[in-house]
Novice: 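The following block contains the structure, expressed as structure tokens.
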2 protein chains.
Amino acid sequence: MPGPALVDDGKNTMASQLVDRLREAIVSGQLEAGSKINLERARGSFGVSLSPLREALARLISDGLVVFEDNRGYRVAPVSLSNLEEITRLREEFEVLALRQAIAIGTVDWEGDVMRALHRMNRIERDPSTPDTLERWEAYHREFHLTLIAGCRMPLLLNFCGVLLSLNDRYRRSFLRRTPGGDRNVAQEHGEIAQGAVARDADFACDRLREHIHRTGTNLQRHLADKLAP
Amino acid sequence: MPGPALVDDGKNTMASQLVDRLREAIVSGQLEAGSKINLERARGSFGVSLSPLREALARLISDGLVVFEDNRGYRVAPVSLSNLEEITRLREEFEVLALRQAIAIGTVDWEGDVMRALHRMNRIERDPSTPDTLERWEAYHREFHLTLIAGCRMPLLLNFCGVLLSLNDRYRRSFLRRTPGGDRNVAQEHGEIAQGAVARDADFACDRLREHIHRTGTNLQRHLADKLAP
DNA sequence: TTGACAGGAAAAATCGTTTTTTGTATCGAT
DNA sequence: ATCGATACAAAAAACGATTTTTCCTGTCAA
């Protein structure tokens with residue numbers, strides 16, 4: 001039998017594990033946007049009972065990944081151009097606000113965390129033929145953006161940014177699966193943001209971050225528009 | 001038997017009704033901040049079974065009114081000075097951002113909604129001896145602030161603002177129960193904001209709104225500081 | 001042909017019970 | 001006397017079964 005876990009990650013219950021599994025399934029596109037979530041079928045495929053499944057879905061409502069209507073059950077949140085535009089707009093405002101604060105009051109530990117997150121992300125080769133590396137890069141990418149702003153010490157704002165990041169990742173992972181980053185040098189953009197942050201150059205870092213988010217958003221909007229009106 | 005509802009408010013299930021009841025119980029201070037929520041006891045006092053209770057609490061997690069830990073159950077979210085400071089700061093940023101957008105693209109219907117919400121709020125006499133009027137004013141006050149920014153057509157941002165407003169109301173309703181508005185003329189502040197909004201004077205309206213939120217926040221912080229260190 | 005109505009299948013919501021985990025108090029050993 | 005292990009009680013989590021609601025389909029009448 002497997003020995004007891006050395007570290008308690010605080011995800012001991014079915015419901016909490018399901019939240020992560022469902023989020024990943026939705027963000028990765030495994031569960032199609034706008035589709036109904038049949039509870040009985042989901043119960044079977046995830047191998048759990050209805051109570052924890054229901055609880056996990058309820059927690060994902062406020063994350064914007066799941067929508068709910070009384071007596072009509074749960075659905076995967078739909079995607080739209082206006083939704084993507086709003087996400088991009090809010091990411092610019094929120095993440096820049098958080099980064100400016102982090103640069104103002106972040107500790108030395110935070111600086112180190114940023115550089116480590118940057119390094120780990122850049123070490124991954126994004127080989128489209130092996131989806132595994134892509135998914136790992138996605139995880140590190142999310143981690144980088146969250147670490148960058150984590151120094152601001154504003155839990156509510158960090159939570160909002162995390163929500164927006166998940167919503168944004170769903171668009172990226174459905175469109176940029178095979179062409180990560182488009183024609184831009186994303187690695188360089190990340191590098192400039194991180195360098196500016198640890199150098200405490202708020203204006204430079206925030207401008208780079210805003211441009212980075214805006215470019216990504218424009219990129220995704222083009223892909224989505226092409227898909228909706230081929 | 002009661003006839004069928006003329007309007008379907010979409011709150012037909014136990015769980016959905018419980019979300020509202022629990023939110024009201026927490027925001028009103030009926031459930032003390034930081035206290036454990038005993039499921040068995042709550043089941044009894046609310047007259048429902050465990051499944052919908054659990055589901056309702058799960059939905060309130062991301063609203064920031066409830067915190068959860070695996071195998072240790074649900075608790076009412078604690079209050080703190082730093083939490084109040086963050087709420088105030090974010091309300092300034094978010095609501096001003098939304099108001100500016102609403103003034104830019106809001107329809108004539110939106111203008112009418114704002115004036116109606118203002119009027120209804122001002123018609124209520126806030127008589128401290130009758131708690132009923134205070135609660136009704138609170139509801140109209142929340143409605144006013146949400147209506148003011150509703151014209152921006154940014155569902156995610158509106159949701160975030162609603163979350164922050166609920167969190168903020170909890171502080172106000174615990175401290176300003178007997179001294180609504182302090183020594184300020186709150187009605188005049190609301191009037192100026194609304195007038196500026198429908199006149200499409202973005203700079204004026206946004207400045208007044210920011211001041212309004214900031215003053216309320218400072219006011220509450222003083223009350224909370226007094227309570228924590230008497 | 002179209003519209004309303006009824007019946008049945010499917011899905012969701014709720015409940016009561018069982019299992020698992022946690023916190024606590026007691027007992028024993030060093 | 002202090003520390004550690006163990007047993008007991010209370011709370012939370014998960015499950016299976018039951019009830020309620022909705023959705024789909026086929027029928028009948030206008």
Side-chain angles (χ1 to χ4, degrees), chain A residues 1-23 25-26 31-32 34-62 65-78, chain B residues 1-23 25-26 31-32 34-62 65-78:
Chain A
M1 69 177 183
L6 293 176
V7 289
D8 188 343
D9 60 354
K11 300 286 174 60
N12 291 322
T13 64
M14 295 278 180
S16 294
Q17 290 175 334
L18 263 182
V19 170
D20 289 344
R21 288 212 281 163
L22 283 166
R23 179 184 287 117
I26 294 172
L31 267 61
E32 194 187 358
S35 63
K36 295 173 199 167
I37 299 176
N38 185 304
L39 293 176
E40 195 57 33
R41 205 149 18 195
R43 186 201 63 74
S45 64
F46 283 97
V48 295
S49 189
L50 267 62
S51 309
L53 176 62
R54 215 156 226 292
E55 197 169 334
L57 286 168
R59 287 193 215 168
L60 289 172
I61 291 179
S62 307
L65 290 172
V66 160
V67 293
F68 172 81
E69 200 172 353
D70 272 359
N71 295 325
R72 246 168 259 183
Y74 294 90
R75 307 177 68 91
V76 181
Chain B
M1 70 177 183
L6 292 176
V7 288
D8 189 343
D9 59 356
K11 300 285 175 59
N12 293 322
T13 64
M14 295 279 180
S16 293
Q17 291 175 332
L18 262 183
V19 170
D20 289 343
R21 287 212 282 162
L22 282 166
R23 179 184 286 116
I26 294 173
L31 267 61
E32 194 188 357
S35 62
K36 294 174 199 165
I37 299 175
N38 185 304
L39 293 175
E40 195 56 33
R41 204 151 16 197
R43 185 202 62 74
S45 64
F46 283 97
V48 295
S49 189
L50 268 61
S51 309
L53 176 62
R54 219 154 222 295
E55 196 169 334
L57 286 169
R59 286 193 218 170
L60 289 172
I61 292 179
S62 305
L65 290 172
V66 161
V67 293
F68 172 81
E69 200 174 350
D70 270 359
N71 296 326
R72 249 168 256 182
Y74 294 90
R75 308 176 67 91
V76 181

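Everything quoted here is computed from the prediction, not taken from an experiment. In what follows, chains carry the letters A, B, and so on, assigned in the order in which the sequence lines appear, proteins first and then strands, with residues in each chain numbered from 1.
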Novice: Can you sort out the partners of B/Phe46 under ring-ring contact (aromatic ring centres under 6.0 Å, His included), two or more places apart, ordered by chain and number?
Specialist: none
Novice: For residues 43-52 of chain A, which residue pairs pass the side-chain hydrogen bond (donor to acceptor under 3.5 Å, both in side chains) check, not counting sequence neighbours?
Specialist: A/Glu40-A/Arg43
Novice: Nearest whole Å is fine: how far is C/dT14 P from A/Glu55 CD?
Specialist: 14 Å
Novice: Can you list everything that forms a side chain to side chain contact (heavy atoms under 4.5 Å, CB included) with A/Ala56? Sequence neighbours excluded, please.
Specialist: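 A/Ala56 satisfies side chain to side chain contact (heavy atoms under 4.5 Å, CB included) with A/Leu18, A/Val19, A/Leu22 only.
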Novice: On a heavy-atom basis, which atom in B/Val48 and which in B/Arg21 lie closest, and how many Å separate them?
Specialist: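 Result for this residue pair: CG1-NH2, 4.4 Å.
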Novice: Where the side chain of B/Asn12 meets the backbone of A/Asp70, is there a donor-acceptor pair that is under 3.5 Å apart?
Specialist: no
Novice: Could you tell me the separation between the CD atom of A/Gln17 and the C1' atom of D/dA14, rounded to a whole number of Å?
Specialist: 13 Å
Novice: Nearest-Å distance, CG (B/Leu53) to C1' (D/dA12)?
Specialist: 12 Å
Novice: What is the minimum heavy-atom distance between A/Ser62 and B/Arg59, and which atoms define it?
Specialist: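 Heavy atoms only, the tightest pair is OG-O, 3.4 Å.
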Novice: List the residues meeting salt bridge (charged side-chain N to carboxylate O under 4.0 Å, His left out) with B/Arg23, not counting sequence neighbours, and say none if there are none.
Specialist: B/Asp20, B/Asp63
Novice: Taking Watson-Crick and G-U wobble pairs with both distances under 3.5 Å, convert DNA chain C into its dot-bracket string, 5' to 3', dots for unpaired and | for cross-strand pairs.
Specialist: ||||||||||||||||||||||||||||||
Novice: Of all the choices, D/dA14, C/dG16, D/dC15, which nucleotide is nearest to the side chain of A/Val48 once you look at every atom?
Specialist: D/dC15
Novice: Please identify each residue that fulfils salt bridge (charged side-chain N to carboxylate O under 4.0 Å, His left out) with B/Glu32, with sequence neighbours left out.
Specialist: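 B/Glu32 satisfies salt bridge (charged side-chain N to carboxylate O under 4.0 Å, His left out) with no other residue.
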Novice: Set out, line by line, the N/O atom pairs under 3.5 Å between protein and nucleotides 5-12 of chain C.
Specialist:
from: C/dA11; atom 1: OP1; to: A/Asn38; atom 2: ND2; distance (Å): 3.4
from: C/dA11; atom 1: O5'; to: A/Asn38; atom 2: ND2; distance (Å): 3.1
from: C/dA12; atom 1: OP2; to: A/Leu39; atom 2: N; distance (Å): 3.1

Novice: B/Arg43 CZ to C/dG16 C1': how many Å, rounded?
Specialist: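 My rounded result for the distance is 10 Å.
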